[in-house]
There are 2 protein chains.
Amino acid sequence: MGQKPRNALYAQSGGPTAVINASAAGLILAARASPGRIGRVYAARDGIIGALTEDLFDTQRESTRSIERLAHQPGAAFGTCRFKLKGIEESRAHYERLIEVFRAHHIGFFFYNGGNDSQDTAWKVSQIAARTGYPLTCIGIPKTVDNDLPHTDCCPGFGSAAKYLATSIREAAQDVASMARTSTKVFVMEVMGRNAGWLAASTGLAAEVPGQAPHIILFPEIAFDSAAFLRRVRETVEKTGSCVVAASEGLRDGDGKLLGEAGAKDAFGHPQLGGIAPQLAASVLSELGMKVHWAVPDYLQRSARHLASRVDLEQAFRLGQAAVRLALSGENAVMPTIVRVSDWPYKWKIGSVPLAQVANRERRLPRSYISRDGWHISEACRRYLRPLIQGEAPPPFVNGLPALNALKKVAVPKRLETGFKP
Amino acid sequence: MGQKPRNALYAQSGGPTAVINASAAGLILAARASPGRIGRVYAARDGIIGALTEDLFDTQRESTRSIERLAHQPGAAFGTCRFKLKGIEESRAHYERLIEVFRAHHIGFFFYNGGNDSQDTAWKVSQIAARTGYPLTCIGIPKTVDNDLPHTDCCPGFGSAAKYLATSIREAAQDVASMARTSTKVFVMEVMGRNAGWLAASTGLAAEVPGQAPHIILFPEIAFDSAAFLRRVRETVEKTGSCVVAASEGLRDGDGKLLGEAGAKDAFGHPQLGGIAPQLAASVLSELGMKVHWAVPDYLQRSARHLASRVDLEQAFRLGQAAVRLALSGENAVMPTIVRVSDWPYKWKIGSVPLAQVANRERRLPRSYISRDGWHISEACRRYLRPLIQGEAPPPFVNGLPALNALKKVAVPKRLETGFKP
């Protein structure tokens, strides 16, 4: 009797994206295609927490059709969490518990689908496994709407959020322009990206020729100068009749202080939550006396599966497949990446990078991707971004709405006597 | 030589919708199909203001293809305005000026595409024309995301905004639910509808069975009770792990005071603009101590042509056509309407109603459309709303984004010696 193939554990981590489940689908389907080499694929409930508490789902109990449908569903289908394991010494109990759970469930492959922190965790798990002599293959799978992982052309999730934001600001701008004469003249849309301006930059794709909206992009990389901003808003309205602004939630003043944490209070005296857009709007109204509206899409931008980029969706799926391929080819402690071959037509292939090189490193928007005057994106940025939003891939609609997926999520029976409080 | 057919003037009014230009397309194409009976179709620049200042576009100069493409474009393609003509005596100069412009341009048909106020204006224009003996056919065309016009099953623009909101809250809810264990537990999305809860109600379609998001809908028709709201949020989180709330911008307290005008100040001491959602979020955080996020889609919800309802788009187009048909059949001072024939499958036909019966009347959400406990929609509401969001009709995408339309917008030479200050 041959050796029983070792099982795999897949876990999602951090903020969901519109396409993270496409990576799950790619991975699970690829694993099913190698039944002699990978046993069952388990998915951790709520990310690494489920791995620690031994709350696992058996994806083998889902039909192939259900797994394929995963690629249509936003959110993190198996649950995710914000839970950062610290250094190996500091969080030793956690790492040891993980190995204990892996051992109990005959897990030989650990796939961790997340951003910076998660790649760091995957790397540490691989180290502890090596030290303790537990045979484990650890593969990271990139994911983040923030697009801030190094060594990959882009991160799954980003292209879809970018497409959503560029589409939304283009549509809203047509609305604003068409009634600016007697109504709203300034429109401010706030976008995610606390530390890096990738999502702010993506709105720039909506402006194909100078003068088109957005007219002003406020990046976290450029210190916010209120007077210069208001001057530019006024000039834009005088020139084009209206002014559409994309503002990063990570906007900072000259001292590096986040504008969103400026200590605003609402009517109840509660601290105002988030809301760069309403702040900017209020200053436009009071300083320029112009009618202004603002929007904060918040989670809508990272869950808008209905407007996913086909390129992004395909990359997410293929990175999931690639994770399995890397694992089966004997690689360990690596993350599959997107390697750009050409800009337009966009050609890309799958590469890989050691987790050690990804862990906890952040890729900021280069200054060369921002126009010289600091208010818009550069041509280089446009060349980089444009391919990532190409193609539409709407999910099936049922009764007018995107279909809800219904995984069975069958729990794997627990084998350990002891629980664990993460 | 026969009499030269009289020209038509088309004007858009009030807030744009995702499909108002489909009505324009239907109307212009129908007029072109009756060249012997309607001459040229002019479009007023920026709505009624353009009619007053004699700023007209000649739609005859646009290709058929360009007019067909109009149906893909959000915003108001010819410009719109918020400008209400008052009573005939009060605004006599304005009404007389309109007749003067009509006379100068041989206009025999006036088509006014808007909401309550606009139907009122169209009605008054028809009265003044009759009194002064100027031969004019006035037809209103319904339009409003607020869905508050009486005597029509629904209003073009509403179905698309409804589809956008129900889709968005369903997508965001999947995001929230998937990481609620360690992150955001409560999500509040603010929707338009200052006086009527139709758009708030539309989010309810995302919940097909009890327990699905949205869990709580806050209607302008139900006085807001903060304590009851917070209690319900807590109970929902305890039961389902997260709580998704749709809140109308028109939310009022027990005294009928708008919550959005509660006098909040931002960091600069400016009055806070709009923002029911951040207010509710702040109270959830401070009273329940739960992590909360909020979204305000604002104009995105009424310009999201990319997610238009096919039913809505078709109704908008056919109401534009119907306006021409009514005019040519000798009707005057009427508005074409949607008449529901059956709920499911949804069957509808075009009817009409005298403008006098529409003008300045508002249709509120009936109490029977709100669940008995006041927190959600009723089955009757579901039966009413569901047909209106059916079918997808995405615009052409070019380079990953909805194509921008480019009308030539050729100005009609002015014929009057005098200008007019509206």
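Note that this is a predicted model, so its numbers are computed, not measured.
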Output yes when a side-chain donor or acceptor of [X] lies under 3.5 Å from a complementary backbone atom of [Y], and no otherwise.
X: B:Ser178; Y: A:Ala76; value: yes
X: B:Thr182; Y: A:Arg82; value: yes
X: B:Gln390; Y: A:Asn399; value: yes

Can you tell me which portion of [X] sits under 4.5 Å from chain A's heavy atoms? Options are side chain, backbone, both or neither.
X: B:Arg305; answer: both
X: B:Ile20; answer: neither
X: B:Ser183; answer: side chain

_Between A:Leu388 and chain B, with a heavy-atom cut-off of 4.5 Å, which part of the residue counts as in contact: side chain, backbone, both or neither?_
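Neither part.
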
*Tell me, for A:Phe78 versus chain B, whether the close heavy atoms (under 4.5 Å) come from the side chain, the backbone, both or neither.*
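For A:Phe78, there is no contact with chain B at all, as no heavy atom is under 4.5 Å.
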
*asked:* Tell me every residue that passes side-chain hydrogen bond (donor to acceptor under 3.5 Å, both in side chains) with B:Gln212, counting only those two or more places apart in sequence or in another chain.
replied: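 In terms of side-chain hydrogen bond (donor to acceptor under 3.5 Å, both in side chains), with neighbours along the sequence ignored, B:Gln212 is linked to no residue.
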
_Please verify the inter-ring angle class for A:Trp294 with B:Trp294; under 30° counts as parallel, over 60° as perpendicular, anything in between as tilted._
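Answer is perpendicular, since the angle exceeds 60°.
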
Between chain A and each of [options], count heavy-atom pairs under 4.5 Å; write down the option with the most.
options: B:Met189, B:Glu392, B:Gln12; value: B:Glu392
options: B:Arg302, B:His293, B:Arg181; value: B:His293
options: B:Gly75, B:Pro394, B:Ser303; value: B:Ser303

*asked:* Checking an interface table here. Which of residues 162-171 of chain A come within a heavy-atom distance under 4.5 Å of chain B?
replied: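 Checking residues 162-171 of chain A against chain B gives A:Lys163, A:Tyr164, A:Ala166, A:Thr167, A:Ser168, A:Arg170, A:Glu171.
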
